[in-house]
Amino acid sequence: MKRFYLDHNATTPVLPEALEAALPHLTRHFGNSSSFHWAGSVAREAVDTAREQVAALLCAAREEIIFTSGGTEGNNLALKGVLEAQGGERRHLVISAAEHASVFEAARHLEAQGARLTIVPVDGAGRVSAEAVAAAITPDTALVCIHHANNETGTLQPVEAIGRACRERGVPFHTDAVQAAGRIPLDLRALPVDLLSLSGHKMGGMKGAGVLYARAGAPLVRQTDGGPQERRRRAGTENVAALVALGVASRVALEALPTEPLRLCALRDRLWEGVRARVPDAVRSGDAAHCLPNTLNVRFPGADGETLLMGLDLEGVAASAGSACSTGSLEPSRVLLAMGLDRNEARASIRFSLGPESTDEDVERVIDLLPPLVAGAREAAQAAGGPEASRL
Ligand SMILES: Cc1ncc(COP(=O)(O)O)c(C=O)c1O
């Protein structure tokens, strides 16, 4: 059976170029990049090259790139490291209600340890208002942390306006750009962001590598103690092969930025038009005017999304109910609930996320498959008393 992968916000296939570059670092180039000898220098050069490639993607300086194990670590390091760096006086954190679990849970952890947490609501499209974020800032605010692009809906946040508001008030601003990096242009010379996280496996690299960008002078205390790697901001031997893959993926993404977002937008829009034509009461969630090119979150009122996803999977189509991290959770999506959807509506939602290898064929396949699957998922949910009741 032919397989169709429309879940790139969960993870992406490793780009052939990235894999090819990484492989020698799993075999003959096995050195530790901190070692002085020949084996170490090969690894060190590879890590340096990767750093330059990621810095180029972000229009940042090499020294501002801290390699991590991925988005979760970058987000944890930003929240915990910035709060710790500011001592006991500034213990207030501002996040949005639609943050990824790696921000949300880190913030809750800090709150349990005595930090004050403000969670700014999102509107029906999943966007925060920059004014509401600015209004939440107080003299003891240590950090504002608002994601760039939402993993479930693709909604883009007004990061530029938020960053300006933070600058005016002298408060560091971190953005989780795990879903945005490599998919839309990010120019940190112009964007008023102090810290930014990204993840290799969301952009054609390998799992286990990511970046926390920290603008020169940003307050940050490392959260892993140990060796002096990453300019003493993140201890631990680097995952050289995965960093090499991340570097190449950054280069490829940068080259593709003039064309690939437009191609994906057209594919995504075709998917939505096709779905809407065949299932007229389908509803799109998120902000169509401010959206990642590759993401479409759709709700099929009265259907159970999980049933729908299982039906798609049996036909070889991989899509998702939202965050891969909450798959298997009995709770409906926290992000969709924060947007004002009720539990039945959140349960009836599924996400399609496209990537570099997505084609018309993927999209047309989904458009053809959905009508009978939606009808079946509706019947099943109705028999159980609604999508929510079908889970109880
Ligand atoms: C917005 C966002 N932030 C952070 C992460 C975590 O990244 P990683 O899987 O690299 O830990 C994800 C992954 O789903 C994400 O979508």
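First listed ligand is number 1; within each ligand, the first listed atom is number 1. Because the structure is predicted, anything quoted here is derived from the model rather than measured.
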Practice task
Decide whether an N or O pair under 3.5 Å exists between Thr72 and ligand 1.
Solution key: yes
Problem - Close-contact set for ligand 1 against His201 heavy atoms, below 4.0 Å - result: 8 (P), 9 (O), 10 (O)
Problem - Min N/O separation Asn9 to ligand 1 under 3.5 Å - result: no
Exercise for the section: Please check if any side-chain donor atom of Arg378 sits under 3.5 Å from a side-chain acceptor atom of Gln382, or the reverse. Expected result: no
Problem - His109-Gln113 side chain donor-acceptor pair, cut-off 3.5 Å - result: yes
Problem - Polar contact flag, side-chain donor to acceptor under 3.5 angstrom, Thr11-His201 - result: yes
Exercise for the section: List every atom of ligand 1 that sits less than 4.0 Å from any heavy atom of Gln179, numbering the atoms from 1 in the order shown and giving each element. Expected result: 1 (C), 15 (C), 16 (O)
Fill in the blank from the handout: Note: ligand 1 atoms sitting under 4.0 Å from heavy atoms of Gly70 are 10 (O)
Practice task
Indicate yes or no: does an N/O atom of Gly71 lie under 3.5 Å from an N/O atom of ligand 1?
Solution key: yes
Exercise for the section: Taking Glu160 for its side chain and Leu191 for its backbone only, find out whether a donor-acceptor pair lies under 3.5 Å. Expected result: no
Fill in the blank from the handout: A student checking ligand 1 against Ser199 at a 4.0 Å heavy-atom cut-off should list atoms 8 (P), 10 (O)
Exercise for the section: Would you check whether His147 reaches within less than 4.0 Å of ligand 1, judged by its heavy atoms? Expected result: no
Exercise for the section: Please state whether Lys202 comes within less than 4.0 angstrom of ligand 1, counting heavy atoms only. Expected result: yes
Handout entry: Ser197 side chain to Asn75 side chain, donor-acceptor N/O pair below 3.5 angstrom
Key = yes
Handout entry: Atoms of ligand 1, numbered as shown, that sit under 4.0 Å from any heavy atom of Asn75
Key = 3 (N), 4 (C)
Practice task
Any atoms of ligand 1 less than 4.0 Å from a non-hydrogen atom of Ser102? List them with their elements.
Solution key: 4 (C)
Exercise for the section: Give the C-alpha distance, both sets of side-chain angles, the deciding distance and a yes or no for side-chain hydrogen bond (donor to acceptor under 3.5 Å, both in side chains) between Asn9 and Asn294. Expected result: CA-CA 9 Å; Asn9 289 8; Asn294 76 324; 2.9 Å; yes
Handout entry: Flag for Thr138-Arg116: side-chain donor and acceptor within less than 3.5 Å
Key = yes
Exercise for the section: Go through the side-chain N and O atoms of Glu45 and His29 and say whether any donor and acceptor fall under 3.5 Å apart. Expected result: no
Practice task
Please confirm whether Gly210 comes under 4.0 Å of ligand 1, counting heavy atoms of the residue only.
Solution key: no
